[in-house]
Amino acid sequence: VVFEIDDGAAKEHISISWEPADQRARDAWANRDDATRDAAYLMVIAATERRHRMYAVRRVQVGGRADYYVAPVGVSADDLEACTRLEISGVDGGGRSAVSQRLTQKIEQVSRGANFPAMAGVIGFAARTILLRQVQDPQEAT
Amino acid sequence: VTWAAYHSESERLAGQAELAAHSGHENDAIDQYRKAAEAEERALQVLSPDKQRTFGITAVSAASLWLMAREYNRAEQIAYNCLSSRRLPEFATAQLRELLQDVWSEQVRANSPIKFLRGDLVVSVSGGQVVYGGAPLDLILRKVGEIRALIFRTVELKLGIALRKGRPAEEVVQQYFQPWLFQQPAGSYQFAVRVRQPEQTELFAEQMPEVETVAATALDILRASVDDPQGELQTLIPDQDYRTTFLTIARNLAPTGTSFEQLRIGSKVASAAPVVLLPSARETINQALRNSKTDRSGELEPVVGVQIRGILRGLSLNRDWLEVTTTDAEGKSQSLRIYDAGETLDDIIGPMVNHAVIVDAFRDRERDRLHLRDIQPAE
């Protein structure tokens with residue numbers, strides 16, 4: 001299946017293949033919301049690695065207003081000094097406008113973290129699109 | 001032992017707490033959150049003073065975990081200690097200040113004899129005329145009315161009550177599932193709504209596990225209305241009339257971009273991500289509404305489609321009409337009666353009375369009558 005990754009600066013088409021899920025796997029993942037969320041984590045983290053060379057270091061704990069901390073290759077997980085927050089979301093159905101709408105929501109969500117670098121990534125499974133955006137620090141913008 | 005070791009231990013325990021909470025084992029979840037908070041506090045203690053960002057993240061995490069463990073004094077204590085340490089980056093200072101307000105609210109609620117259902121809806125209106133901590137009274141009153149309609153309709157959906165038309169919610173629903181308004185920390189303009197737990201739960205014993213999650217369901221419905229009204233919303237709400245009702249509520253909540261630019265609805269208790277309604281959402285939902293409604297214009301040829309902007313001055317849903325007053329460029333007022341309003345839901349149209357509205361109608365030339373297609377707030 002071909003997905004488009006759009007990181008705001010460039011678009012890239014990537015081909016993704018996977019082993020079809022057997023009945024056992026389908027039964028184990030039979031919650032649509034959980035499956036969408038977990039597949040979104042997988043796909044957006046992979047897209048972030050490909051487009052930005054940033055890798056998931058840790059999950060964000062409660063209160064952290066994002067899903068993962070990502071950092072360039074070679075950065076250790078001994079602290080979070082060089083990390084960027086990554087907020088991830090998945091849209092099961094709907095077209096590209098639904099994916100864009102969700103991205104706007106996610107950007108708004110991570111923008112509230114003020115002076116802490118952040119990225120937002122949304123995958124639309126039906127739209128076959130992954131949108132990635134780096135969120136500008138509001139202080140830097142002024 | 002290093003920060004990383006303690007933090008990893010805290011992550012593991014918080015994960016177990018989430019699983020326990022997800023499975024309905026509340027006491028186990030609280031116990032695991034307490035252990036996770038203790039581990040995070042130890043991580044904070046062994047952290048080198050030069051790691052400012054890590055300190056901020058860990059401080060917010062530890063205070064949040066104490067809050068989840070319902071240890072309000074510990075949450076408050078760690079927040080105060082960190083805020084006075086002068087080691088916090090700006091983002092963590094802001095988050096800890098917000099968290100303190102949540103702690104105080106939770107403390108008050110925990111000590112109150114009145115109990116509430118799990119989950120809340122935190123509504124934040126921003127942009128346009130809205131300033132930090134203040135907003136036009138009319139706008140907020142209307143939003144409160146729309147959220148009230150959203151909650152009652154969600155409760156009725158979960159209780160399996162057939163879609164109500166032309167009458168308010170049953171007294172038993174209004175009495176037993178009272179929405180309460182709570183103030184929130186300033187930040188654009190914010191308020192929170194929670195549903196009071198029925199005092200006699202045996203009346204709804206079978207449905208209570210369903211109704212408990214009313215806030216999370218309302219959020220899911222709003223999200224599906226914006227993201228995927230033709231797909232996900234149909235899965236969530238198979239009944240078309242109910243679906244159209246929720247679509248109309250979601251559309252009316254969305255801004256037009258004049259008096260405000262964004263409405264954000266989230267939950268501090270439910271783990272679901274917030275829903276952000278922008279002016280573009282209004283058009284998406286309007287399209288879905290056009291697709292879902294039966295258009296009577298074909299039965300009344302010849303017809304002319306018209307859009308009317310004015311003030312909704314009166315309505316009689318029982319008599320099937322509403323009245324809109326328009327003002328032309330010279331300041332001359334005219335009152336227009338529009339028929340076929342009987343199917344309009346009173347809790348949806350109610351907040352619009354005496355406010356600016358946009359009416360989509362068609363004119364039946366033969367009888368020289370206007371017939372209602374749709375009405376929405378103009379602000």
Side-chain angles (χ1 to χ4, degrees), chain A residues 31-34 36-37 40 57-67 69 71 76-85 87-95 97-118 120 122 124-127 137-139, chain B residues 2-4 7-8 10-11 14-15 17-18 33 36 40 47-48 50-58 60-65 67-68 89-96 98-99 126 187 220 223-224 226-232 235 262 264 266 271-278 280-281 284:
Chain A
N31 180 305
R32 186 171 158 161
D33 291 347
D34 289 357
T36 304
R37 180 199 62 203
V57 178
R58 281 187 180 277
R59 280 300 306 267
V60 171
Q61 280 267 55
V62 289
R65 294 181 183 166
D67 295 305
Y69 293 115
S76 90
D78 289 345
D79 60 50
L80 302 168
E81 295 303 299
C83 287
T84 295
R85 292 172 299 146
E87 172 64 27
I88 299 172
S89 188
V91 181
D92 201 15
S97 63
V99 186
S100 299
Q101 169 83 20
R102 181 71 64 83
L103 182 71
T104 307
Q105 293 184 12
K106 294 292 145 188
I107 289 172
E108 195 274 341
Q109 192 178 327
V110 289
S111 297
R112 300 202 314 142
N115 60 339
F116 190 163
V122 179
F125 290 100
D137 181 342
Q139 289 193 322
Chain B
T2 62
W3 170 87
H7 183 69
S8 297
S10 175
E11 284 176 326
E18 273 175 42
Y33 276 128
E40 199 70 327
L47 192 63
S48 159
D50 59 322
K51 312 268 188 189
Q52 202 189 15
R53 182 179 288 171
T54 312
F55 183 78
I57 292 166
T58 315
V60 172
S61 170
S64 302
L65 287 165
L67 176 60
M68 303 288 278
E90 193 189 331
F91 74 86
T93 302
Q95 285 184 26
L96 279 177
E98 277 184 34
L99 204 128
S126 58
D220 288 343
R223 184 175 297 104
V226 178
D227 283 353
D228 193 11
Q230 316 287 359
E232 200 179 332
T235 311
Q262 179 180 294
R264 179 180 186 277
S271 58
V275 178
V276 179
L277 297 170
L278 301 168
S280 58
T284 306

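We name chains A, B, ... by the order of the sequence lines, and we start the count at 1 in each one. Remember, it's a predicted structure, so these values are computed and weren't measured experimentally. We use all heavy atoms of the structure for the numbers below, so side chains are in, but hydrogens, waters and symmetry mates are not.
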Novice: Is Ala224(B) in contact with chain A via its backbone, its side chain, both, or neither, using a 4.5 Å heavy-atom distance?
Specialist: neither
Novice: Taking side chain as everything from C-beta outward and backbone as N, CA, C, O, which of these in Ser61(B) sits under 4.5 Å from a heavy atom of chain A? Side chain, backbone, both or neither.
Specialist: both
Novice: Please flag which part of Thr104(A) lies under 4.5 Å from any non-hydrogen atom of chain B: side chain, backbone, both or neither.
Specialist: side chain
Novice: Between Glu18(B) and chain A, with a heavy-atom cut-off of 4.5 Å, which part of the residue counts as in contact: side chain, backbone, both or neither?
Specialist: side chain
Novice: Which atom pair, heavy atoms only, marks the closest approach of Asp79(A) to Trp3(B)?
Specialist: CA-CZ3, 3.7 Å
Novice: Could you tell me which portion of Thr284(B) (side chain, backbone, both or neither) has an atom closer than 4.5 angstrom to a non-hydrogen atom of chain A?
Specialist: neither
Novice: Side chain, backbone, both or neither: which part of Ala126(A) has a non-hydrogen atom closer than 4.5 Å to chain B?
Specialist: neither
Novice: Who are the side-chain hydrogen bond (donor to acceptor under 3.5 Å, both in side chains) partners of Thr54(B), not counting sequence neighbours?
Specialist: Glu81(A)
Novice: Can you say whether Thr235(B) sits under 4.5 Å from chain A via the side chain, the backbone, both, or neither, judging by heavy atoms?
Specialist: side chain
Novice: For the residue pair Cys83(A) and Arg53(B), what are the closest heavy atoms and their distance?
Specialist: O-NH1, 2.9 Å
Novice: Between Gln61(A) and Ser64(B), is there a side-chain heavy-atom distance shorter than 4.5 Å?
Specialist: no
Novice: Using the rule given for salt bridge (Lys or Arg N to Asp or Glu O under 4.0 Å), can you reason through Glu11(B) versus Arg59(A), listing the C-alpha separation, both sets of side-chain angles and the distance that settles it, and then say yes or no?
Specialist: CA-CA 8 Å; Glu11(B) 284 176 326; Arg59(A) 280 300 306 267; over 6 Å; no
